[in-house]
Asker: 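Below: one structure in structure tokens.
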Amino acid sequence: MNENALLFEYAVVRYVPRIEREEFINVGLLMMCKRRRWFRSAFDLNRQRLAAFDPAVDLDALDRQLAMFAADSSALADNPVEERFRWFSAVKSCVIQTSRPHPGLIPPADDPGADPADALNATFNRLFRDLIL
């Protein structure tokens, strides 16, 4: 592996209204790059889609629960990014779950002066669009 390539991990955040049925809808994304100490999370609560999936959903409660994943505001915000990512992506039996973590690799930029955070953000945005929206 090229030392300038960026290894990252991501997990999809899911809303699982009835755990025993194992049905879910994707509502967010977590992504982390340990080497760059970079962590990002974002969510999209499509109210119409969620209500069609689960008419009993309490959207305000779901929004409050997802707020704990926010990169800057959680109780884990002072921990290293890999610890936060592992905590958030751990297997849970609750209505907010995550997929298993998936690895990814961003090849080195053609421009040696490019900011690695730009490549991480672009990858995050692409994954969010493809997996959540």
Side-chain angles (χ1 to χ4, degrees):
M1 180 174 83
N2 186 312
E3 66 183 46
N4 293 323
L6 295 171
L7 178 65
F8 66 91
E9 292 180 66
Y10 71 94
V12 177
V13 179
R14 302 168 170 167
Y15 170 61
V16 186
R18 286 175 288 289
I19 298 160
E20 65 280 0
R21 291 185 61 151
E22 297 184 11
E23 297 172 336
F24 62 85
I25 188 169
N26 294 344
V27 295
L29 182 69
L30 308 173
M31 190 169 136
M32 176 273 299
C33 177
K34 180 179 177 180
R35 189 171 67 167
R36 303 301 306 175
R37 295 187 176 114
W38 184 93
F39 178 84
R40 185 171 165 195
S41 61
F43 305 93
D44 181 67
L45 293 181
N46 182 319
R47 293 179 180 277
Q48 188 174 9
R49 201 165 106 197
L50 283 164
F53 182 69
D54 177 21
V57 65
D58 181 342
L59 293 167
D60 293 331
L62 182 57
D63 195 39
R64 284 190 305 274
Q65 290 170 330
L66 290 172
M68 75 170 203
F69 288 93
D72 298 341
S73 63
S74 77
L76 302 171
D78 292 334
N79 292 26
V81 295
E82 64 274 17
E83 288 181 24
R84 282 188 281 165
F85 183 81
R86 297 282 174 255
W87 179 263
F88 289 139
S89 64
V91 175
K92 299 168 188 69
S93 180
C94 58
V95 298
I96 303 293
Q97 298 180 11
T98 61
S99 68
R100 296 202 182 274
H102 304 283
L105 188 66
I106 301 171
D110 293 335
D111 175 8
D115 185 355
D118 291 341
L120 289 164
N121 282 314
T123 300
F124 182 93
N125 292 338
R126 179 183 54 79
L127 288 170
F128 190 81
R129 182 188 67 243
D130 293 349
L131 301 173
I132 311 306
L133 297 179

Asker: For Arg126, what residues pass the side chain to side chain contact (heavy atoms under 4.5 Å, CB included) criterion, not counting sequence neighbours?
Answerer: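 So Arg126 forms a side chain to side chain contact (heavy atoms under 4.5 Å, CB included) with Thr123, Arg129, Asp130.
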Asker: Output every pair passing salt bridge (Lys or Arg N to Asp or Glu O under 4.0 Å) with a member in residues 41-54, not counting sequence neighbours, ordered by first then second residue.
Answerer: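 Listed by first then second residue: Arg18-Asp54.
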Asker: What side-chain donor-acceptor pairs closer than 3.5 Å can you find for residues 100-112, not counting sequence neighbours?
Answerer:
residue : atom : partner : partner atom : Å
His102  : NE2  : Arg100  : O            : 3.2
Asp111  : OD1  : Gly113  : N            : 2.9

Asker: Please find the pair of heavy atoms, one from Leu6 and one from Pro116, that lie closest to each other, and give the distance.
Answerer: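 That closest heavy-atom pairing would be CD1-O, 3.7 Å.
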Asker: Applying salt bridge (Lys or Arg N to Asp or Glu O under 4.0 Å), which residue pairs with at least one partner in residues 85-98 are found, sequence neighbours left out?
Answerer: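 Counting only pairs at least two positions apart or across chains, the salt bridge (Lys or Arg N to Asp or Glu O under 4.0 Å) contacts touching residues 85-98 are Glu9-Arg86.
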Asker: For Ala42, check side chain to side chain contact (heavy atoms under 4.5 Å, CB included) against everything at least two apart and list the hits.
Answerer: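 Partners of Ala42 under the side chain to side chain contact (heavy atoms under 4.5 Å, CB included) test: Phe124, Phe128.
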Asker: If you compare all heavy atoms of Met31 against all heavy atoms of Leu120, which two are closest, and at what distance to 0.1 Å?
Answerer: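 Closest heavy-atom pair between Met31 and Leu120: CE-O, 3.5 Å.
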Asker: In terms of ring plane angle, is the pair Phe53 and Tyr15 parallel, tilted or perpendicular, where the classes change at 30° and 60°?
Answerer: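 Perpendicular.
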Asker: Indicate yes or no: at least one non-hydrogen side-chain atom of Arg35 is less than 4.5 angstrom from one of Leu7.
Answerer: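 No, every pair of side-chain atoms sits at 4.5 Å or beyond.
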Asker: Would you indicate whether Glu20, at its atom CD, is surrounded by more than 12 heavy atoms from other residues, nucleotides or ligands within a distance under 6.0 Å?
Answerer: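 Yes.
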Asker: Using side-chain hydrogen bond (donor to acceptor under 3.5 Å, both in side chains) as the criterion, list what pairs up with Asp118, not counting sequence neighbours.
Answerer: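 Partners of Asp118 under the side-chain hydrogen bond (donor to acceptor under 3.5 Å, both in side chains) test: none.
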Asker: Would you name the heavy atoms of Leu30 and Ser41 that are closest together and state the gap between them?
Answerer: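 Shortest heavy-atom separation between Leu30 and Ser41 comes out as CD2-CB, 3.6 Å.
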Asker: Ignoring hydrogens and angles, write down the donor-acceptor pairs under 3.5 Å from the side chains of residues 60-68, residues two or more places apart or on other chains.
Answerer:
none

Asker: Could you list the residues that satisfy side chain to side chain contact (heavy atoms under 4.5 Å, CB included) with Val16, not counting sequence neighbours?
Answerer: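 Partners of Val16 under the side chain to side chain contact (heavy atoms under 4.5 Å, CB included) test: Arg14, Ile19, Phe24, Gln97.
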Asker: Taking only residues two or more places apart in sequence or in another chain, which ones pass salt bridge (Lys or Arg N to Asp or Glu O under 4.0 Å) with Glu83?
Answerer: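 Glu83: no salt bridge (Lys or Arg N to Asp or Glu O under 4.0 Å) contacts found.
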Asker: Using salt bridge (Lys or Arg N to Asp or Glu O under 4.0 Å) as the criterion, list what pairs up with Arg37, not counting sequence neighbours.
Answerer: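 None.
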Asker: Other than Val91, what residues sit in its cluster of Ile, Leu, Val, Met, Phe, Trp and Tyr side chains whose heavy atoms are under 4.5 Å apart, directly or through others?
Answerer: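 Val91 shares its hydrophobic cluster with no other residue.
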